[in-house]
Amino acid sequence: MTSYAKAHTNIALIKYWGKKDPQLMLPMNNSISLTLDAFYTETWVSFQKELTSDRFILNETVQDTKQSKKVVKFLNEARAISKTKLFAEVKSINHVPTAAGLASSASGMAALAGATSLALGLPLDDISLSRLARHGSGSATRSIYGGFSEWQKGSDDATSYAVPLKEDLSDWDLAMIFILINDQPKKISSTAGMAHTVETSIFYPGWLKAIDGDLKDVRQAISEKNFTLLGETAERNALRMHATMLGANPPFTYLAPGTLTALDIVQKLREQGILGYCTMDAGPNVKVLVEKANVKTFLDALSVTFPKENLVVAFPGRGIELKEK
Ligand code: 2P0
């Protein structure tokens, strides 16, 4: 029997940046994200008596030991919980445009947590899936849900998981435009970047001081469907996260010249009353939160500078799907 899961990626509007406990994967702060339809991972898992080690096949290519490290670490934790000794075959297809340079750990680890739970007979309720996904990657906690969700930092393994804030967005016409600036693998992984920032940044205490206010504003914006408050808070929060890296020792940044060009274009449109707000993660790509009615205006303005094939429009996506196949 093979278990199947499909999970979409999510983009944080209030960022997760820093771990309080790297072993348990407990974050320093809550984060809030929007799950999107454009990028997703499909994963098939089967535990087999015949296997003498785990086997990970990504996009139809068998992965070596180094490439399989995160998946095997996750499977070891799942085996410990379910008290099985069987090894697994994991097949994943990442539906992320090639050369997108987008992280796939959120959708990838959420889909792996779902398919593994189904295969091992572990609990399948959203909170259990979110907790298990956390062991793979922090951002994966939020990909269990559609629409907006919040990862509550909690204080131990049992209390750190995401909850839905607004899963059904059929009454709110939101979209996100991905501007793909650079497809090179990043020099500093987000795991390493956040650890270095927590340890050395003189701005990190400021990040933590501001987070409750940002979280409160985004929760209020979601409950009131207040697009301006949502966007202004998200852009401010993203820039604050990137500022913490400039305050690290040695300093570093994921931003590139194209990132600032994109920010400038979006700001100029805002000055004309056409509202869009930017967010950036552990890489140079820019995601612009817009209302559906303005998607074309933004694409027209952005395509003057960026190749059309580097602009991808996404809409709110659904939560995880599980199937026995
Ligand atoms: C986020 N990022 O909230 C933040 C914003 C990047 C910047 O979560 O170490 O792959 O596996 O928990 O989840 C990317 O980091 O890191 C991330 P680990 P993850 O989306």
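Any value given below was found using the heavy atoms of this structure, including those in side chains, with hydrogens, waters and symmetry copies removed.
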Atom NZ of residue position K225 - does it have more than 12 heavy atoms of other residues, nucleotides or ligands inside 6.0 Å? yes

Should the pair D264-K268 be classified as a salt bridge under the 4.0 Å nitrogen-to-oxygen rule? yes

Kindly give the heavy-atom pair with the smallest separation between H8 and S143, and that separation in Å. O-OG, 2.6 Å

Name the orientation class of the two ring planes belonging to F148 and W172 (parallel below 30°, tilted from 30 to 60°, perpendicular beyond 60°). tilted

Taking atom types as modelled, find out whether D156 and T159 have a side-chain donor-acceptor pair closer than 3.5 angstrom. yes

Just by modelled atom types, is the Y145 backbone N or O under 3.5 Å from a matching donor or acceptor in the T35 side chain? yes

Where K15 and N29 come nearest, the two heavy atoms and their spacing: O-ND2, 2.9 Å

Is it true that D214 and T233 share a donor-acceptor pair across their side chains at a distance under 3.5 Å? no

More than 12 foreign heavy atoms under 6.0 Å from CZ of R270: is that the case here? yes

Within the 3.5 Å criterion, strictly below it, is a donor on W17 or S190 matched to an acceptor on the partner's side chain? no

Quick check: are there more than 12 heavy atoms from other residues, nucleotides or ligands sitting under 6.0 Å from CD of E60? no

For Q220, all residues meeting side-chain hydrogen bond (donor to acceptor under 3.5 Å, both in side chains), sequence neighbours excluded: E224

Say whether, by atom type as modelled, one donor and one acceptor occur between the side chain of N294 and the main chain of T297 under 3.5 angstrom. no

With no hydrogens and no angle check, do the side chains of S92 and T43 hold a donor and an acceptor under 3.5 Å apart? yes

Would you name the heavy atoms of R79 and K85 that are closest together and state the gap between them? CD-C, 4.1 Å

Output all residues satisfying side chain to side chain contact (heavy atoms under 4.5 Å, CB included) with T259, sequence neighbours left out; order by chain, then residue number. L255, A256, M280, P284, V286

